[in-house]
Amino acid sequence: MSRIFLRKSMCIATALLIPIFTPGVLQAKKKAPVLFRVDNLTCEYKINPISVDVTNPRLSWKLITLQRNLRQTAYEVRVGSNAATILKGLNIVWTSGRIPSDQSVHIYYGGRPMISRQKVYWQVRVWNNKGQVTPWSQINSWKMGLLRSDDWTAHWIQSNDAQDTTGGASPMFRNDFMLTHKVKAAHLYISAHGLYEAQVNGKRIGDDYFSPGFTSYNKRLQYQVYDITSSLQKGLNAFGVTLGDGWYRGYTYDRKKNVYGKKLALLFQLEVLYTDGKRQIFVSDKSWKVTYGAIRSSSFFDGEVYDARKEIPKWATPGFNDAGWQPVRVNDLIKDKLIAMAGPPVKKEERFAPRQVLTTPEGDRVVDFGQNLVGWVKFKLKGKAGDTIKLYHGEVLDQKGNFYNKNLRTAKQEITYVFKSDTAETYEPHFTFQGFRYVKITGYKGPIDSTNVMAYALYSDMDQTGKFSASNPLINQLQHNILWGQKGNFIDIPTDCPQRDERLGWTGDAQAFGRTATFNMDVAGFFTKWLKDLSADQIKGGAVPYVIPNVLDSTYSAASGWSDVATIMPWNVYLAYGDKQVLRQQYESMKAWVTYIQQHTRNNLWDTGNHFGDWLFYSGTDYEEGAAHTDKNLIAQAFYAHSTQLLINAARILNKEDDVKKYVQLLINIKKAFMSEYVTPNGRMISGTQTSYVLALNFDLLPEDLRESAAKRLVQNIDSYDGHITTGFLGTPYICHVLSRFGFTDRAYDLLMNESYPSWLYPVKHGATTIWERWDGIKPDGSFEDPAMNSFNHYAYGAIGDWMYRVIAGINTDETSPGFHRTIISPHPGGRLKNADGELETMYGKVKSAWSIADGNITVDITVPPNTSAQIILPLVGSDVMESGVEITSITDLTNVKNAGDDIQLNAGSGTYHFVYKLKNVKPKRA
Ligand code: BGC
């Protein structure tokens, strides 16, 4: 007993006193300050959002404490209309009252439905299981966007000029507004057909790029809201807005253009509140003027042509003489598709200095930025007026060290800049992005270094929530590459690749990588927005297009493993963030997709339609007939079952009992059909490939008694390829999970640690800084794969990241308590790794699982966030387990301690835990 008591005192001293006092008996006797508060208040995943468009938004907070085993037992939220008086409990528009509950995320605001422009302030306080209550939290706020189309008094304006054509110059719109009083608050509501960049009084508004973002424009068009109070002055104020083609009418797949329309347009509404309480609205209308300037053309695929001689100085400053500008055309385009910005905006996130400047064997001058990144180059260079400098962007150098960009297909990725003077000029692009590591520069011979040439990575502004590292530098580089695959391909939508003439929201790629993405970054808002576009673009009958937003013909739809993103991704978001709303939001879409398949089956068998199959599987020399080729219809049937299972899961959570019954029966039939068509009575699959066993096992298609032997067959298949992976996009995400589930984690490690082709580390060994589209983008002989399809930044194979977090580090979701409200922490040492460290910032706080092996002992360091619990599975226990020096069975905070084979299982509440024990030597399971 005394040991337990001592340890507890030590723990409290460690947790609460070290930051303030030197630990010691005397000081420990002093009353410890209680560190328990609420922080990180968010509304619909955002901090102080100003464009909320749901009338009952959800509120979340984090409990901050170092105490162990701490749970929220009750909360109270209050929402007021005034920041100053809420503290006194005045002007309260809604209070939850004290609600006994451990729910600290996704609490619905329960007051009267919010209305357009309404701004409220909110606070929360919580009670815990130790009898403590926090003070009221800091005050946060949220502000509503424009909820109704008639909130918009602005008119759509366009240029009348013939230059307003795809690939043409960028129109620049301007106007001056007279503000009659001192400004108390000013909000700009703005959207465009095309992309916009806005200025007020000569300064750029906001720090986001490619706004209004990419949605299915004919059904959903985002607007942004900017608080520009501090940029305005009493008197004359000038506004300038430049437009670019962007996704709206710019070139896309197959050089198709004008997908959503031929003409660019601007919608601008400035709402000003003066200090005297009066309001005034300034809008886009016929009083605006338009002209053309330095941006001669801009395109995502092709880059930008900028002639600095055509710049118009001070065009967005007050009093500029726009007499020579053209009047605009007012066009009554519809406003009822306008929606508030949902996901995170794209921002300039990281900066790269040139790593080296090379002269290639062909004599080109090439800057190497050391990282295959997505964004652009900013420079400050000196030329002569009229000189042209060109920047060509490529991902790799060829075998001989020459600049290479054939794999861009028709995308040019070129910047052309014409100097206006003989002094140094600064430029960065506006309406384009490039995927590159290397930049060939022509037309400039002067020095290049970090003072005059920099690369910027742009991507959707998502917090990095996950970290993974291990004792093997190649694995760390792989994790780096996975993360950079995500950064480069999360530019407002999840794309297949960011460089060639594609850059589309390919659904298969997104579903393969989606779960990994939830570990690396906070993708809740990003995917919630994209899934709404998926529903919007779903074709009558439920077919899901190949790409979202759907810029292809509507006949390009309904491919297995691609369209299943409709069920897979909502489920991933639910697991990662405990977000039931996304299931509610997507339920009809999920159901429609399963119904579509159902209607294309015969005797419950889906064996029709066009499918990509296990895309880019290892094909050896013979592409279609290679031994790793999996029957496409087998795959279709497997994903049909998986989607149905996920629909059942969602129906259960949403209490749709009739649907549960209906789809449970359907799933039984789907599995029966799978068995009779694709599996022999003894459990041999008709396609004896890794992917076929992986899908059958991962989706529980085989009856229990055939699973063990199927898992062994999978291992034997891997052996037959000398320990190599042969799966494509569809088998890869699950192969290591299946191996682990059936006791073959050592074999999963072998796959992961393999350095020869095909493997995850093969590209790493070849200098990759991102994930490649193909296992052999650069072949073992140093030559390239077919340039028609050879991206060096394609995240699908990065799906192994999910296994690294969930199995190596062992941070796993408990599906019955999602969003990491309960975490299953089950680290798996192996692969000759000495240590591995995984961290994930969840909605509740940080989950950590790190292990380290030395001299036959293992230490496992675990952090469980406040208001959550964990089931911890300590692996391969060969001695008593000590936690911070105390044997675990005598620690009252750790409950249900029991043996489970070679492991020990226990339950823990929040806190940090340091376990040490001797590692048991266990022989690997044989196939
Ligand atoms: C894309 C892929 C995509 C595929 C469909 C390709 O061109 O780059 O990643 O999923 O087409 O098979």
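Side-chain atoms are counted along with the backbone in the values below, which use heavy atoms only and exclude waters and symmetry mates. Start at 1 and go down the list; that is how both ligands and their atoms are numbered. Residue numbers start at 1 and run along the sequence shown.
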For ligand 1, which atoms sit closer than 4.0 Å to a heavy atom of [X]?
X	result
D496	1 (C), 8 (O), 9 (O)
R500	1 (C), 6 (C), 7 (O), 8 (O)
E773	8 (O)
F729	9 (O)

Looking at the rings of [X] and [Y], which for Trp means the six-membered one, are their centres under 6.0 Å apart?
X	Y	answer
W376	H430	no
F513	W506	no
F210	F431	no

- Message: Would you call the rings of W760 and W775 parallel, tilted or perpendicular, taking 30° and 60° as the class edges?
- Response: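 Perpendicular, since the angle between the ring planes exceeds 60°.
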- Message: Would you say that V544 contacts D564 through its side chain, given a criterion of any heavy-atom pair below 4.5 Å between the two side chains?
- Response: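 No, side chains not in contact.
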- Query: Tell me: protein heavy atom nearest atom 7 (O) of ligand 1, and distance?
  - Reply: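 Protein heavy atom at minimum distance: E502 OE2, 2.6 Å.
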- Query: Starting from atom 5 (C) of ligand 1, which protein heavy atom do you reach first, and at what distance in Å?
  - Reply: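 Ranking protein heavy atoms by distance from atom 5 (C) of ligand 1, first comes W506 CZ3, 3.4 Å.
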- For ligand 1, find out whether one of its N or O atoms is nearer than 3.5 Å to an N or O atom of D509.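 N/O-N/O distance under 3.5 Å: yes.
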- Give a yes/no on ligand 1: does W562 have at least one heavy atom closer than 4.0 angstrom to it?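 Yes, W562 has heavy atoms under 4.0 Å from ligand 1.
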- For the pair T465 and D463, evaluate side chain to side chain donor-acceptor pair (under 3.5 Å) and give the outcome as yes or no after the intermediate values. CA-CA 6 Å; T465 46; D463 287 340; over 6 Å; no
